[in-house]
Amino acid sequence: MITEFPLDIRISASRMNVLKKLVDAAYAGDKESLIAIGDAFYCGDFGNRDSKIARYIYDIADGKKPKAISQYIDLPAPQRKDKQDIMAEERHHLERVLLYLDEKIEELKHRLAQGFSAYFLEIDIQDDKIRKQEEINQLTASRFSPYYARFDVQNGKSNKTVYIGENRIGSEVVSVWSDFGRHYRAKNETAFDVAGVHYAVKLRRNIDIQFSTLIDIFDEFVSGSNATSNEIFDPFLQKVLQDKRGEKNISNIIRSIQKKQNDIIEYDFNKSFIIQGCAGSGKTMILLHRLANLKYNRPETDWKRVKIITPNPLFNTYIDAISENLGIKTITRCSLAQYYVLILERYSSRFRGWSKVHEDKLRKIRESVKDDVAYMNFAGNVVNFIYSTEFANRLRSERDNLLREISSVSKNINAKGRSTTSYNDSYASQMTLIENTITDTLLQYFPDGEDKGLIAKIVHEDCQCALYAKVLALYFLYGKPQYTDTLLCIDEGQGITYLQYRLIQQVNNGDVCFNIYGDINQQLPQISGIETWRSLQNFIRQELSKPDEVVPIFTLEENYRNSQEIVQFYNEQLQMNDRALGISINRQVKIIEASDAETICKLSLILKNRVVIISNFEAVLPVQLLALCVKNKIETEKASFMTVAEVRGLEFDTAIVFENEMTRSEKYIAFTRSLSELYIVR
């Protein structure tokens, strides 16, 4: 049974009434009300005294434009007697690396300005210019933080110091994906071999550099100390988590990657696996960094045959910046529905009348596809039937009839001549026949219980289940397409049915490698998916023609995203056991009235927090609150209104959750979207 909220996490009516008046006035631009809010936080009138928020609000009132507020405690850096000397040494080294970068940038600029010999072809000149400019851009970006770690090792009596960053910088910095970078990331390793040479680890030092300035150092391991346990408190990780809060997009935290995560990043690139990871465990970060690792160590990979399957198109935008940072932006990212459209394009060679017109049409479809969730409330039984074995069997039985009709259409076109219009009609006619066959198959199963117009709408509109059915029909007709993928990295993999996994495997010639990331506890009740990872593990081994392949299931139970207070709250409310490894912010989860949500939202926007309002029913939101929102988007100075299905994979500073009729899994998803401030409306 879900426990009740204790009274001490409710906001009193008297406090809320005062706060509401002040926030309304401050949100409208009243400076005195803004200062009054600052005074209230400074004195603790709205709960715990918070001088940091007070100072932040005073800055806004003074006309300053600070970034989003850092609402978290300052963490003490580890102190050592010789730290001042160490800082001076590291500062000197940083100056040397920055000088190297500046000289390299100037050299490249000079070579660009020199021009080229007339003996060079114009295309070669342009390619060289592009390469040099890209290198200049990368080196310039590296000046912000050229490296983030120092790795001291010893071979016999010979000592070696290696500085590690995201990218190699001449002989000054090695890549985190290099051999030394790999062993640096192996946190519990005290000795290793590279190219036949044995090394003993003497020092692992995290180095915090921001805007080309040394901020701090954190010695993670020093030879002779007892700092070899994986369970020790990691102050550098805590600082990274603190620094990353308030950033608009998911960002690169490879410098603080933990052992469990790193083991998956390093797992055999040729094998499938499944990750069961709780909310905030870093599943998406592992996915992206594993691809960066693959790109560095397997540059010969055909990246056109690698895909990232994301939970929704908005998530693609959310990870755009870090994908570019890791050098994997060129890898196609798409939702599962969009992936089905890509497969439809691959069957183009089967169509007599394929043309650029149809390529453009499918491209537009890919940009406007709908998730099955949009149809579940009024046609869930139809959607679920499409993903059933019975539907697949019925559709397969129509194969011969379809082939006869397609052959007839082709003959009629040939009789008319080979005009462009006729060839286009050939493609259109085949797809029309397929859509009609799918519709008839559904109507035979639902002769009375479903509206014919509704079924036709589902089939002809570009929703995921209809696209799946069309791909299934094409596979029955023609087998696999000519072009296939070799690696699919699937986020939120629990929301995909066994038969969808089978179809994806079949259209990719049976040998595609699955990297599946998900959380059974975040399975949406209205979406068809899998029951257990163990059953999917057996399905991949037995049903997908891979009887000898062992598909490991990696388990991650550590939540790095949410504050410790939020993790403690949902663990108690939902009877869960996630480990809270985020930071403690001394802010408890609050239960509020629906009428108070507008005030909380406005105050969070004043503080420049990213705010999300989560509800499965728009009608329960007060009109004034809805006016502060944009639907299923993220914009500055606006709150985002999203359903539970839409908010998957995203994170915000503040979440206001209207938990009306939410299931346990839906509450888990909603509660874990907030980094720091969670408000529940009942």
Side-chain angles (χ1 to χ4, degrees), residues 291 302-321 323-324 328-375 386 406 419-436 438 456-475 477-478 480-492 496 500 503-504 507-508 512 631-634 646 649:
L291 285 174
D302 184 354
W303 295 103
K304 293 180 180 178
R305 303 182 68 187
V306 177
K307 302 291 183 295
I308 303 173
I309 310 297
T310 61
N312 52 62
L314 180 61
F315 188 76
N316 297 341
T317 303
Y318 181 62
I319 64 174
D320 195 54
S323 297
E324 183 171 8
I328 58 173
K329 190 174 182 179
T330 56
I331 299 175
T332 298
R333 307 189 302 270
C334 57
S335 67
L336 184 57
Q338 290 171 324
Y339 185 61
Y340 288 143
V341 179
L342 290 176
I343 297 174
L344 289 177
E345 292 179 3
R346 293 177 184 175
Y347 279 100
S348 61
S349 62
R350 304 288 186 177
F351 297 124
R352 292 174 54 81
W354 185 262
S355 72
K356 192 175 186 302
V357 172
H358 303 117
E359 290 181 10
D360 292 340
K361 181 179 179 181
L362 285 177
R363 190 176 298 111
K364 290 179 180 178
I365 290 174
R366 194 164 66 243
E367 295 171 354
S368 61
V369 290
K370 300 179 180 65
D371 195 286
D372 288 336
V373 176
Y375 297 87
I386 290 175
I406 289 170
S419 69
T420 303
T421 303
S422 297
Y423 271 84
N424 289 347
D425 286 343
S426 176
Y427 162 75
S429 298
Q430 287 199 38
M431 290 309 298
T432 298
L433 288 173
I434 289 173
E435 290 176 349
N436 290 341
I438 294 170
K457 178 181 179 182
I458 290 175
V459 173
H460 289 86
E461 287 196 359
D462 304 313
C463 65
Q464 178 178 303
C465 62
L467 292 167
Y468 160 81
K470 293 172 187 177
V471 172
L472 186 63
L474 285 169
Y475 177 74
L477 288 170
Y478 301 119
K480 69 177 182 68
Q482 186 175 3
Y483 188 80
T484 61
D485 288 319
T486 56
L487 173 61
L488 295 178
C489 303
I490 302 175
D491 207 356
E492 302 293 345
I496 300 177
Q500 289 184 83
L503 179 59
I504 293 171
V507 298
N508 286 299
V512 66
K631 295 181 183 178
N632 195 24
K633 291 193 297 186
I634 300 176
E646 292 166 341

Point to revise | Interatomic distance, Ile365 atom CD1 to Arg363 atom CZ [nearest 0.5 angstrom] | key: 11.5 Å
Review point. What residues, two or more places apart in sequence or in another chain, satisfy side chain to side chain donor-acceptor pair (under 3.5 Å) together with Tyr340?
Key: Gln500
Review point. Are Val507 and Thr484 side-chain neighbours, meaning at least one heavy-atom pair lies under 4.5 Å?
Key: no
Revision key, fill the gap. Hits for side chain to side chain donor-acceptor pair (under 3.5 Å) against Lys470, two or more places apart or cross-chain, chain-then-number order -> Glu435
Exercise for review: I would like to know whether Ser335 and Ile309 meet side chain to side chain contact (heavy atoms under 4.5 Å, CB included); could you show each step before the answer?
Suggested key: CA-CA 5 Å; Ser335 67; Ile309 310 297; 6.0 Å; no
Exercise for review: Mind checking salt bridge (Lys or Arg N to Asp or Glu O under 4.0 Å) for Lys364 and listing every partner two or more places apart, or none if nothing turns up?
Suggested key: none
**Study point:** CA sep, side-chain torsions, deciding dist, call: Leu342, Thr332, side chain to side chain contact (heavy atoms under 4.5 Å, CB included)
**Key:** CA-CA 10 Å; Leu342 290 176; Thr332 298; 4.1 Å; yes
Review point. Between Ile331 and Val306, what is the shortest heavy-atom contact and its length?
Key: CG2-O, 3.6 Å
Exercise for review: Step by step, work out the side chain to side chain contact (heavy atoms under 4.5 Å, CB included) result for Leu477 and Ile406.
Suggested key: CA-CA 10 Å; Leu477 288 170; Ile406 289 170; 3.9 Å; yes
Practice item. Please name all residues satisfying salt bridge (Lys or Arg N to Asp or Glu O under 4.0 Å) with Lys329, sequence neighbours left out, ordered by chain then number. Key: Asp320, Glu324
Practice item. I would like to know whether Asp491 and Ile308 meet side chain to side chain contact (heavy atoms under 4.5 Å, CB included); could you show each step before the answer? Key: CA-CA 8 Å; Asp491 207 356; Ile308 303 173; 5.8 Å; no
Point to revise | Distance (rounded to the nearest 0.5 Å) between Leu503 CG and Ile496 CD1 | key: 11.5 Å
Exercise for review: Kindly write out the residues that satisfy side chain to side chain donor-acceptor pair (under 3.5 Å) with Asp485, not counting sequence neighbours, or none if the list is empty.
Suggested key: Lys307, Tyr339, Arg346
Point to revise | Distance, nearest 0.5 Å, that separates CD1 of Ile386 from SG of Cys463 | key: 6.5 Å
Point to revise | Asp302: salt bridge (Lys or Arg N to Asp or Glu O under 4.0 Å) partners, not counting sequence neighbours | key: none
Review point. OG/Ser429 to CG/Asn436 distance, rounded to the nearest 0.5 angstrom?
Key: 10.5 Å
Check your understanding: Looking at residues at least two apart in the chain, or sitting in another chain, which of them share a side chain to side chain donor-acceptor pair (under 3.5 Å) with Lys457?
Key -> none
Exercise for review: May I ask you to test the Ile343-Tyr475 pair for a side-chain heavy-atom distance under 4.5 Å?
Suggested key: no
Point to revise | Minimum side-chain heavy-atom gap Phe315-Glu492 below 4.5 Å | key: no
Check your understanding: At their closest point, which heavy atom of Ala466 faces which heavy atom of Ile458, and how far apart are they?
Key -> CB-O, 3.1 Å
Exercise for review: Check salt bridge (Lys or Arg N to Asp or Glu O under 4.0 Å) between Arg305 and all other residues, then give those that pass, not counting sequence neighbours.
Suggested key: none
Review point. Does Ala473 have any side-chain contact (heavy atoms from CB on, under 4.5 Å) partners at least two apart in sequence or in another chain, and if so, which?
Key: Leu395, Ile434
